[in-house]
Each structure stands twice: as C-alpha cells, then as structure tokens.
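Presented below is the structure to which this report refers.
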Amino acid sequence: MTNYAHGHDAEKIAAEWLEGQGYKVLALNWRHQRAEIDIVARKAHQPLTFFEVKYRQSTGQGSGLDYITTAKLRQMAFAADLYVGMHHYPDEYVLGAIELAGPDYEVTNFIAEL
C-alpha cells in the first residue's frame, strides 16, 4: 500500500473516531489550490477545528506529531483562513491534530487545540 493510501485510510478512521467523540465532521480532505485540510469538524459549544492527521506505521522514526512543524502550522492556518472565508464562517476556530499508528490505525494522540 502506498503512503497516500495509508494517509487516506488514516484520515477516514480519524474522522470516524472524532464522530465517536461527539464531533460532526464537516469536511474530509478539503482542498483548494495550494491549501489542504485533512478534517474540518465541530463539537457542540466548541470552536470549529481544523485537524491535521498524522499516521506512522511504527514510531521508530518519531511520532507523527513530531512532523507538525512551524511551517506546517502556518500552512494549516492559511488553509483554515481560506476555508472560513469561503464558507463565511463568523466564529472562532482552532487547529488540532490526531496521530494514528500501527497496522490497525490506532489513535495514539489527540490534540484538540495546537
């Protein structure tokens, strides 16, 4: 299986996991020109959240969250700004992350707000 296929599977499983935690998934793998958001979700009485999904088959080379750099955060914020502008979303929003690992795509870390 390719890295792209693993990543896409991880995004779907992360979205299902979020739904199990009470989130409503509004968009999965949203793209616009040079911007991408893995998951856009909202939980009642909480801000809209733009999630980055990181998958690692093993943690031998570090966790997936280790790869959310300052540059990645800037890209996420740029994409989130585009999304809220296009959807005329007037309220607060935040960036979050979900890490999955192993052959069963187990959620190993969750950050509701980066």
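Interatomic distance, Ile98 CD1 to Leu18 CG, rounded to the nearest 0.5 Å: 3.5 Å. To the nearest 0.5 Å, the span separating NZ on Lys54 from OG1 on Thr108 amounts to 13.0 Å.
Two residues are said to be in side-chain contact when any heavy atoms from C-beta on lie closer than 4.5 Å; Met86 and Trp30 meet this criterion. For the pair Phe78 and Arg74, the minimum side-chain heavy-atom distance is 4.5 Å or more. Tyr89 is not listed as a side-chain neighbour of Val40, based on a closest heavy-atom distance of 4.5 Å or more. Residues Leu95 and Glu52 fail the side-chain proximity criterion, which asks for heavy atoms closer than 4.5 Å.
Here the side chain of Arg42 pairs a donor or acceptor atom with the backbone of Gln46 at under 3.5 angstrom. Side-chain N or O atoms of Glu11 include none that pairs as donor or acceptor with a backbone N or O of Asp38 at under 3.5 Å.
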Could you go step by step and tell me if Asp91 and Leu48 meet the side chain to side chain contact (heavy atoms under 4.5 Å, CB included) rule? CA-CA 8 Å; Asp91 296 326; Leu48 184 67; over 6 Å; no
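Taking the six-membered ring for Trp and the full ring otherwise, the centers of Tyr23 and Phe51 sit less than 6.0 Å from each other. Checked against the 6.0 Å centroid threshold, Phe50 and Tyr93 count as a close aromatic pair.
Ion pairing of Arg31 with Glu36 is present here, as a side-chain N (NZ or NE/NH1/NH2) and a carboxylate O approach within less than 4.0 Å.
Because its NZ or CZ atom is both nearer than 6.0 Å to the ring centre of Tyr67 and within 45° of the ring axis, Arg56 counts as a cation-pi partner of that residue.
Summarising the geometry of Gly96 relative to Thr49, their closest heavy-atom pair is N-CG2, 3.9 Å, with the distance given to 0.1 Å. In plain terms, the two heavy atoms of Ile39 and Ala15 that are nearest each other are CD1-N, 3.6 Å. In terms of heavy-atom proximity, Tyr55 sits nearest to Gly102 at OH-O, 2.8 Å.
Neither Leu82 nor Val94 shares a network with the other; the hydrophobic side chains, linked directly or stepwise wherever heavy atoms of I, L, V, M, F, W or Y lie under 4.5 Å apart, form separate groups for each.
In Lys24, the NZ atom is not crowded: 12 or fewer heavy atoms of neighbouring residues, nucleotides or ligands sit closer than 6.0 Å.
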